[in-house]
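For reference, positions follow the sequence shown, starting with 1. The analysis underlying the following values was restricted to heavy atoms, covering all of them including side chains, and did not include hydrogens, waters or symmetry mates. Indexing begins at 1, ligand by ligand and atom by atom, following the structure's order.
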Amino acid sequence: MALQLFNTLTRRVEEFRPFDEAGRTVGMYCCGPTVYDYGHIGNFRTFVFADLVRRYLGFRGFKVRHVMNITDVEDKIIRRVRETGKTLEEFTGVYTDAFLQDLKELDCVVPVAEDLPRATGYIPQIIDLIGTLERRGLAYRAADGSVYFSIEKYRGCGCRYGQLVKLDFEAMRVGERVASDEYEKESVADFALWKARVPDDGAVFWPSPWGEGRPGWHIECSAMSMALLGPSFDLHLGGEDLAFPHHEDEIAQSEGAAVQPPGRPFVKHWLHGAHLLVEGKKMSKSLGNFFTVRDLLAKGYTGREIRCLLLSAHFRETFNFTIAGLEGARAQLARIDECVGKLREVAGQVDVARPPADDPLVTAFTVAMDGDLNVSAAWAVVFDWVRDTNRALAAGQMTGAGASAQLAAWGHLDTVLGLGSKPVGEAPVEIVALADERVAAKKAKDFARADAIRAELKARGWVVEDTSKGPKLKKL
Ligand code: AMP
Ligand code: ZN
């Protein structure tokens, strides 16, 4: 079976086929954070979802170019810059660094630096795109010098506004404008591409053919995604609240510029992740019902426990965040860790070779995930495997080679889940590798080698204790 994904554009589950079917390269853009504060775990539900998509595409043999922008100029940021008296760079730098650190804490694969574009680094491309829209008659200047996108003109060219959401054009008054970056569906209106400088903007402005000012939020993503992935690409992701107006406006700007090859859309597949809720309401800064990654780390939870929780539900289903849910994720990880730990003991040296294509665990997991990334079914596969493996281990039916094969299969699945293995007393990887080698030496009854490794570990400041649950590393 091929990978099936729900596409917001067609409103159905369909086979994922990139434009480059032969080369299997995929261009994927995920709207990144607005760096005006620390991200909350609702935001990170969306970023962990993007990470899952990226990793699963890799697992299915696609070569993914993953672009994620950093929105570092926008209404909320300008307000905070004004309040704090910092420069734009100082202010956004703190939250950009914190965001990247939190992503790593959650074991997300961070895009390479050039695929993490900052809006302020793309002002010339943004100005170019607005210029193109103006030349095509789709952008106009308002009395204050700001430039707006004309929905009426866009629709007049035969283009469709309302591809991702249903809109009521009867209720819309032609030429009505909205200046703010975020607005509701009811206020479908011409939106700002370039906002003329006002005193409250302080030092945040750039020169442009329309005078000093700054870009609107929506045009930033159109310009950055097309600059890096081309005018027509495969996959665009974000949280469900971004479908309107942000993504609808991205389509209008990008397709309005008519830079796509004939017959090709701006984006082929749109994926929207459902929200993380708290007591039935969206987790958000404005409602104050949020936890940051940092809040939860301070309570003693780990990044992988938070990741495991955020990956527990299907991406199109909302779910409620609770501390009890996080405890549940902790218990699930403990079951996996225990099983993997026992397999390591039996296997001796861990065989990291790729499992065969017909490995039953890998096959069942792939079937589950191919069905619109059905993580619930995938977790069921994982826990059936844990149960069966524990049974085989308890019955003494697991050979060293068998355990190695199971570990290789689990390792392959984990390239998607990204849960890693439990950190052994915070030991660095080379220390864990030595400890694994010692287990292998003992299995091979090479006690002289095992003792030599123990001495080596001690010399490096680590002591290894053999417990009923396997060897444990402790810092001296
Ligand atoms: P922002 O930094 O506000 O631009 O949001 C970054 C991402 O987080 C966007 O893709 C939002 O759709 C997403 N997001 C915001 N709140 C939530 C939530 N409660 N659950 C899931 N995703 C969210
Ligand atoms: Zn965006």
Report for the Zn ion (ligand 2), protein N, O or S closer than 2.8 Å, by chain and number, lists Cys31 SG, Cys221 SG, His246 NE2
Using a strict cut-off of 4.0 Å, indicate which atoms of ligand 1 neighbour a heavy atom of Pro33.
-> 2 (O)
Any ion pair linking Arg335 and Glu338 (charged N to carboxylate O, less than 4.0 Å)?
-> no
With a 4.0 Å cut-off, would you call Asp75 and Lys195 a salt bridge?
-> yes
Output yes when the distance from some N or O of ligand 1 to some N or O of His275 is under 3.5 Å, and no in every other case.
-> no
Hey, are the side chains of Ser232 and Phe19 touching, using non-hydrogen atoms and a 4.5 Å cut-off?
-> yes
Applying a strict 4.0 Å limit to heavy atoms, is Lys285 in contact with ligand 1?
-> no
What do you reckon, does Phe47 put a non-hydrogen atom under 4.0 Å from ligand 1?
-> yes
Charged N to carboxylate O below 4.0 Å: is that the case for Asp51 and Arg54?
-> no
For ring pair (Phe, Tyr, Trp, His ring centres under 6.0 Å), just list the numbers for Phe291 and Phe321, CA-CA rounded to whole Å, side-chain angles, deciding distance to a tenth of an Å, and then say yes or no.
-> CA-CA 9 Å; Phe291 287 96; Phe321 171 79; 5.2 Å; yes
Go through the side-chain N and O atoms of His247 and His218 and say whether any donor and acceptor fall under 3.5 Å apart.
-> no
Hey, does Trp217 come in under 3.5 Å of ligand 1, counting only N/O atoms on both sides?
-> no
What atoms of ligand 1 come within less than 4.0 Å of a heavy atom belonging to Met283?
-> 16 (N), 18 (C), 19 (N)
Any idea which heavy atoms bring Val13 and Asp372 closest together, and the distance?
-> CG2-OD2, 4.2 Å
Identify whether the distance between the nearest side-chain nitrogen and carboxylate oxygen of Arg60 and Asp370 falls below 4.0 Å.
-> yes
